[in-house]
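Quick notes on the structure that follows.
These numbers come from the heavy atoms of this one structure, side chains and all, not from hydrogens, waters or symmetry mates. Just so it is clear: chains get the letters A, B, ... in the order the sequence lines come, proteins before strands, and each one is counted from 1.
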Number of protein chains: 2
Amino acid sequence: MPSPTPTQQPLTRDEEAVVRALGRVILVIPRVMDADLMREQRLPFSEYGTLMHLSEAPHRRMRMSELAAAGDLSLSGMTRVVTRLEAQGLVKRVKCAEDARGLNAVLTDDGLARLEQAWPTHLDSVRRHIIDHLDGLDLVQLARALERFATAVEDPREPSASGDASE
Amino acid sequence: MPSPTPTQQPLTRDEEAVVRALGRVILVIPRVMDADLMREQRLPFSEYGTLMHLSEAPHRRMRMSELAAAGDLSLSGMTRVVTRLEAQGLVKRVKCAEDARGLNAVLTDDGLARLEQAWPTHLDSVRRHIIDHLDGLDLVQLARALERFATAVEDPREPSASGDASE
DNA sequence: TCTGATTAATTGCTACGGCAAGCAAGTTCC
DNA sequence: GGAACTTGCTTGCCGTAGCAATTAATCAGA
């Protein structure tokens, strides 16, 4: 595939600054968010996020595959997260009524309590590491831009409309 | 430590949107950047970044610890990255003249060539996934905000001015 | 200069997450 | 109804990265 965009001039100064800073953010933010939760709540972010997704779902329950998608994790990864949560009694796996292949991960009362306990820590973390540094920016436009980052890609495994002839 | 900030109101709508979008970006961007480089160049991003840092350093050489800091990686992590790069002949480890404990990772000619070969792929990746979605935003302010995200934290292992009495 | 403390880097151990293989349940078509 | 295929989830295996322990070299003090 010959490059369709021969315009390889090396980014403007400002673009480069954004990319470099973003690169750092991408490495550092997950680390500190996880560290904060871990230190103050003994709860890794992967588990916190999973509890959060469940708490927001219709009956505090989601299918494993939904949950994996919500957390941007592979299904096998989510299997492990839920296994850990289940071992702590924060989540239960319940056979799905209308499709016996499926499982629902259900947030238990303990799980909800754990989430509510951890929430202030995480919120504080978010404020200190992110929110407090946003002044001067248009939040609506920023959110839109960031959403495009994440979604413009879709899943590489998804077959695109244009049939990929190569390979 | 009782929370010094009792103001735990749950973020405005816009703040929440930014945080959610950023959370997704943080998960997805590194994955797609790595995937692009991997697919088109067989080069993981950790190695690409390391070659890049070396190429920008004074004599195409950096101490292991410098390099680790530049790449936001632990020293042991960088040891492994450099080991891999050395095995491919892209980098050499050279004993440091003025401190025999230290090692300089030196970018070889092959390493520079590899970087130059991979560069367009990465640049294209950056454009498609990031730059192309920034319109409408003030890049200078965005970069500043992102830099504050990353630096406001410093290292948690670093003892802060206020002596931590707990523990 | 010899002893002890500190620093630079590597290695052992472990945890996490992805892919691919496996297994169980559902669907389709004859 | 049952053989072939698909779908939902789990498990085996592997690669990567961090922390703690280790080794080697330097520095500080008697």
Separation of [N] [atom2] from [X] [atom1] (nearest whole Å):
X: A:Arg39; N: D:dC19; atom1: CZ; atom2: P; result: 13 Å
X: B:Phe45; N: D:dA17; atom1: CZ; atom2: P; result: 12 Å
X: A:Arg31; N: C:dC16; atom1: CZ; atom2: P; result: 17 Å
X: A:Leu27; N: D:dA17; atom1: CG; atom2: P; result: 10 Å
X: A:Arg93; N: D:dG8; atom1: CZ; atom2: P; result: 16 Å
X: A:Lys95; N: C:dG26; atom1: NZ; atom2: P; result: 8 Å
X: B:Glu47; N: D:dT16; atom1: CD; atom2: P; result: 8 Å
X: A:Leu75; N: C:dC23; atom1: CG; atom2: P; result: 17 Å

Original post:
With no angle test and no hydrogens, is the base of D:dC9 tied to the side chain of A:Ser76 by a donor-acceptor pair under 3.5 Å?
Top reply: no
Subject >> Side-chain H-bond candidate by donor/acceptor type, B:Arg93 with B:Thr83, under 3.5 Å >> reply: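 Their side chains do contain a donor-acceptor pair, which is all the 3.5 Å distance test asks for.
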**OP:** Residues of residues 98-107 of chain A with any non-hydrogen atom less than 4.0 angstrom from an atom of DNA chain C: list those, numerically ordered, please.
**Re:**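 Listed by number, they are A:Asp99, A:Ala100, A:Arg101.
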Subject >> Interface with DNA chain C, restricted to residues 52-74 of chain B and to heavy atoms under 4.0 Å >> reply: B:Arg63, B:Met64, B:Ser65
Taking all non-hydrogen atoms of both residues, which atom of [X] and which atom of [Y] are closest, and how far apart?
X: A:Arg42; Y: A:Arg114; value: O-NH2, 3.4 Å
X: B:Arg24; Y: A:Ala69; value: NH2-O, 3.5 Å
X: A:Leu27; Y: B:Gly71; value: CD1-O, 3.7 Å

**OP:** Return the nearest nucleotide to the side chain of B:Arg80; candidates are D:dC19, C:dC19, D:dT10.
**Re:** D:dC19
Original post:
Hey, does A:Ser46 reach any base, or is it just sugar-phosphate, or nothing, if we go heavy atoms under 4.0 Å?
Top reply: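 A:Ser46: backbone/sugar contact only, no base atoms under 4.0 Å.
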Subject >> Intermediate values then yes/no, side chain to side chain donor-acceptor pair (under 3.5 Å), A:Asp36 and A:His129 >> reply: CA-CA 11 Å; A:Asp36 285 350; A:His129 301 310; 2.8 Å; yes
Original post:
Residues in salt bridge (Lys or Arg N to Asp or Glu O under 4.0 Å) with A:Arg20, at least two apart?
Top reply: A:Glu16, B:Glu56
Subject >> All salt bridge (Lys or Arg N to Asp or Glu O under 4.0 Å) counterparts of B:Asp14, not counting sequence neighbours >> reply: none
Original post:
How would you list, by chain and number, every residue that makes a side chain to side chain contact (heavy atoms under 4.5 Å, CB included) with A:Ala17, sequence neighbours excluded?
Top reply: B:Ala143
Original post:
Using links of under 4.5 Å between side-chain heavy atoms of ILVMFWY residues, direct or through other members, which residues join A:Val94 in one cluster?
Top reply: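 A:Val94 clusters with A:Val106.
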